[in-house]
Every structure is written in C-alpha cells, then in structure tokens.
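Treat the numbers as computed from the prediction; the structure is a model and nothing was measured. Each chain gets a letter, A, B and so on, in the order the sequences are listed, and its residues count up from 1.
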There are 2 protein chains.
Amino acid sequence: MENESKVLSQQETPLEKAEKDMPDEEILYDLADLFKIFADSTRIKILYVLLESEFCVCDIAQVLGMNQSAISHQLRVLKQSKLVKYRREGRAILYSLADGHVRAILDQGMEHVGE
Amino acid sequence: MENESKVLSQQETPLEKAEKDMPDEEILYDLADLFKIFADSTRIKILYVLLESEFCVCDIAQVLGMNQSAISHQLRVLKQSKLVKYRREGRAILYSLADGHVRAILDQGMEHVGE
DNA sequence: ATATCATATGAACAATGATTCATATGAATG
DNA sequence: CATTCATATGAATCATTGTTCATATGATAT
C-alpha cells in the first residue's frame with residue numbers, strides 16, 4: 001500500500017519547483033531592464049505627459065520645468081527601450097507612446113502605490 | 001452660430017490638460033520607488049521563488065547561487081517596501097509575498113518583454 | 001551557559017546612472 | 001547660403017546602489 005510519505009518523496013519539493021519554474025536568466029534581465037526604465041520619476045513624468053498626446057521635446061521640458069538636454073537624454077532611453085516613438089514635424093520632433101503597455105504598467109504600479 | 005475655432009479656444013490645450021492630469025509629485029516619486037524595487041534581477045529572482053512558496057533565507061540563497069548576506073540585504077529592501085512578509089519558524093525566518101500585486105506587476109512586465 | 005546555526009547589519013568598493021554644461025547636428029527660413 | 005531654431009550628443013560630476021567581507025544578533029540544542 002502506498003503511504004503518503006512515499007508519494008511525497010516522489011514529488012518535487014517546493015524548492016525544486018521554484019527552481020524549475022524560474023524563467024531563464026536572460027528573460028529576468030530583460031524584465032529588470034524594463035522596470036529600470038520606469039524606476040525614474042523624470043521618465044515617469046514624461047510618460048504621463050505622453051499619455052495625453054504627442055509632444056515636442058521643448059514642450060515636455062517646459063511642463064516638467066527641466067532643461068532640454070535632460071529631457072532629450074531621457075527620451076533617448078525611452079526610445080531605445082521601444083516605449084516611445086517619434087516623427088518630425090517642421091523643426092520639431094514629436095514624441096508619442098509606442099503602445100498601450102505603458103499605460104497598463106503605470107496603472108498596475110499605481111494600484112499598489114494606492115492612488 | 002458657434003464656430004469650431006471659438007469653441008476650441010475656450011477648451012484647454014493638450015499641454016494644459018497634460019499638466020492638469022499629472023499626478024502629484026509625491027505620488028510619482030512613490031511610483032518610481034516601487035518600480036526601483038523591480039529594477040534588479042536579484043530581487044526579481046527572489047520574488048519569483050516566493051511566488052511558489054515561503055522560503056528561508058538560506059534556501060533562497062542556495063537556489064540563486066548567491067551568498068546569504070546579499071539575499072538578506074535584498075530581502076530587507078523587499079520587506080521595507082511591503083512586498084514580502086516573514087515569520088519565524090525555529091531558527092529559520094520564512095519569507096513570503098505580502099500580496100497579489102507582486103504577481104500582477106511581474107506578469108504585466110513579462111507581457112511587454114514578451115514571454 | 002555555551003556552542004551552533006540562521007539571519008541581520010555595517011563598512012567598503014565598484015559600477016551604474018541622472019543631470020548639467022558646452023557644443024554639435026540638422027532642418028527650415030529669410 | 002547663412003542664420004536660426006529644435007534637438008542630440010559627449011564629457012564631467014555627483015549620487016545611488018548591489019555585492020562582499022567581517023562581524024553582530026538572536027534563537028536553539030546539547
């Protein structure tokens with residue numbers, strides 16, 4: 001007759017299961033890198049501005065009360081991580097959100113922050 | 001007869017709306033701080049382990065192949081941000097996820113990373 | 001009580017990253 | 001074509017942070 005301890009010994013332990021279910025190292029790095037983008041209040045502010053509409057660099061800088069260079073550097077980061085896209089309009093370059101994931105991630109975070 | 005340009009001039013511009021809809025500075029800092037927690041692959045790994053079950057510090061250290069001190073330091077960060085809780089069991093201290101938000105945030109991030 | 005095991009803590013170090021300043025690029029306009 | 005306006009880039013600086021090493025705390029078992 002099978003006793004419970006014997007059955008248990010054939011199953012994987014929680015530790016083994018945790019190890020087995022762990023995503024690949026590379027995926028986890030990518031995930032951390034994604035959250036790094038959201039881990040700066042300047043970038044978060046930029047994303048919130050772009051939730052409303054597309055804007056040029058100088059408008060974003062004005063709303064945030066920061067200099068143009070700082071915003072341009074951060075837009076570069078956002079561009080590289082495919083969270084924003086851009087198009088030229090006359091002299092200006094208009095930035096906008098690349099897709100709906102940004103809003104989803106911000107909203108999910110806000111839910112935990114609680115407001 | 002109301003013409004469209006007159007109505008438009010009475011409405012707020014996208015820039016004004018973006019400014020108005022921006023959450024308070026303090027909230028945005030809290031949000032950035034939350035994402036900072038997820039912005040490190042060691043902490044992400046710890047959270048993934050804890051998705052499975054509660055574990056003691058030494059088990060987590062073993063699974064991740066890191067020394068005990070590093071894990072303890074990171075658990076401190078996770079504890080301070082209310083993402084994990086803990087209880088004593090004999091000599092060991094067992095850590096577990098504080099609530100379901102952790103899984104929700106990780107899943108949302110994974111969706112963008114794409115796997 | 002003392003030795004042991006699990007965890008926490010503090011200091012030090014290296015690495016990363018955000019902002020500023022100065023300057024370069026590059027398109028548009030006169 | 002030269003000037004101007006908008007944006008990008010590079011170097012420098014300052015702050016933050018993850019890890020390690022050494023050690024402290026604190027509970028348990030002999």
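- Of the residues in residues 55-83 of chain A, A/Met66, A/Asn67, A/Ser69, A/Ala70, A/His73, A/Gln74 come within less than 4.0 Å of DNA chain C through at least one heavy atom, sorted by number.
- Shown here are the side chain to side chain contact (heavy atoms under 4.5 Å, CB included) partners of A/Cys56, two or more places apart in sequence or in another chain: A/Cys58, A/Asp59, A/Ala92, A/Leu94.
- By the side chain to side chain contact (heavy atoms under 4.5 Å, CB included) test, B/Arg76 pairs with B/Gln80, sequence neighbours left out.
- Partners of A/Glu25 under the salt bridge (Lys or Arg N to Asp or Glu O under 4.0 Å) rule, at least two apart in sequence or in another chain, are B/Lys45.
- The side chain to side chain contact (heavy atoms under 4.5 Å, CB included) check on B/Ile93 picks up B/Tyr86, B/Arg88, B/Tyr95, with sequence neighbours excluded.
- Nearest approach of B/Ile37 to B/Arg43, heavy atoms of both residues: O-NE, 2.7 Å.
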Can I get a per-line list of side-chain donor-acceptor pairs under 3.5 Å for residues 60-73 of chain A, giving both atom names and the distance, sequence neighbours left out?
residue, atom, partner, partner atom, Å
A/Asn67, OD1, A/Ser69, N, 3.0
A/Asn67, OD1, A/Ala70, N, 2.9

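- For B/Ser81, the side chain to side chain donor-acceptor pair (under 3.5 Å) criterion is met by no residue, not counting sequence neighbours.
- Residue B/Tyr86 places none of its side-chain N or O atoms closer than 4.0 Å to OP1 or OP2 of C/dA8.
- Near DNA chain D, meaning a heavy atom under 4.0 Å from it, residues 36-51 of chain B has B/Lys36, B/Asp40, B/Thr42, B/Arg43 in order of number.
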Report task. Sugar-phosphate atoms are those with a prime plus P, OP1 and OP2; base atoms are the rest. Using that split, label each nucleotide of nucleotides 25-30 of chain C B, S or - for protein heavy atoms under 4.0 Å, 5' to 3'. Result -> --SSS-
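- For residues 89-99 of chain A, the set of pairs meeting the salt bridge (Lys or Arg N to Asp or Glu O under 4.0 Å) definition, not counting sequence neighbours, comprises A/Arg87-A/Glu89.
- Residues satisfying the side chain to side chain contact (heavy atoms under 4.5 Å, CB included) test with B/Lys17, not counting sequence neighbours, are A/Glu52, B/Glu12, B/Asp21.
- Listed by chain and number, the residues in a salt bridge (Lys or Arg N to Asp or Glu O under 4.0 Å) with A/Asp33 are A/Lys36 (sequence neighbours excluded).
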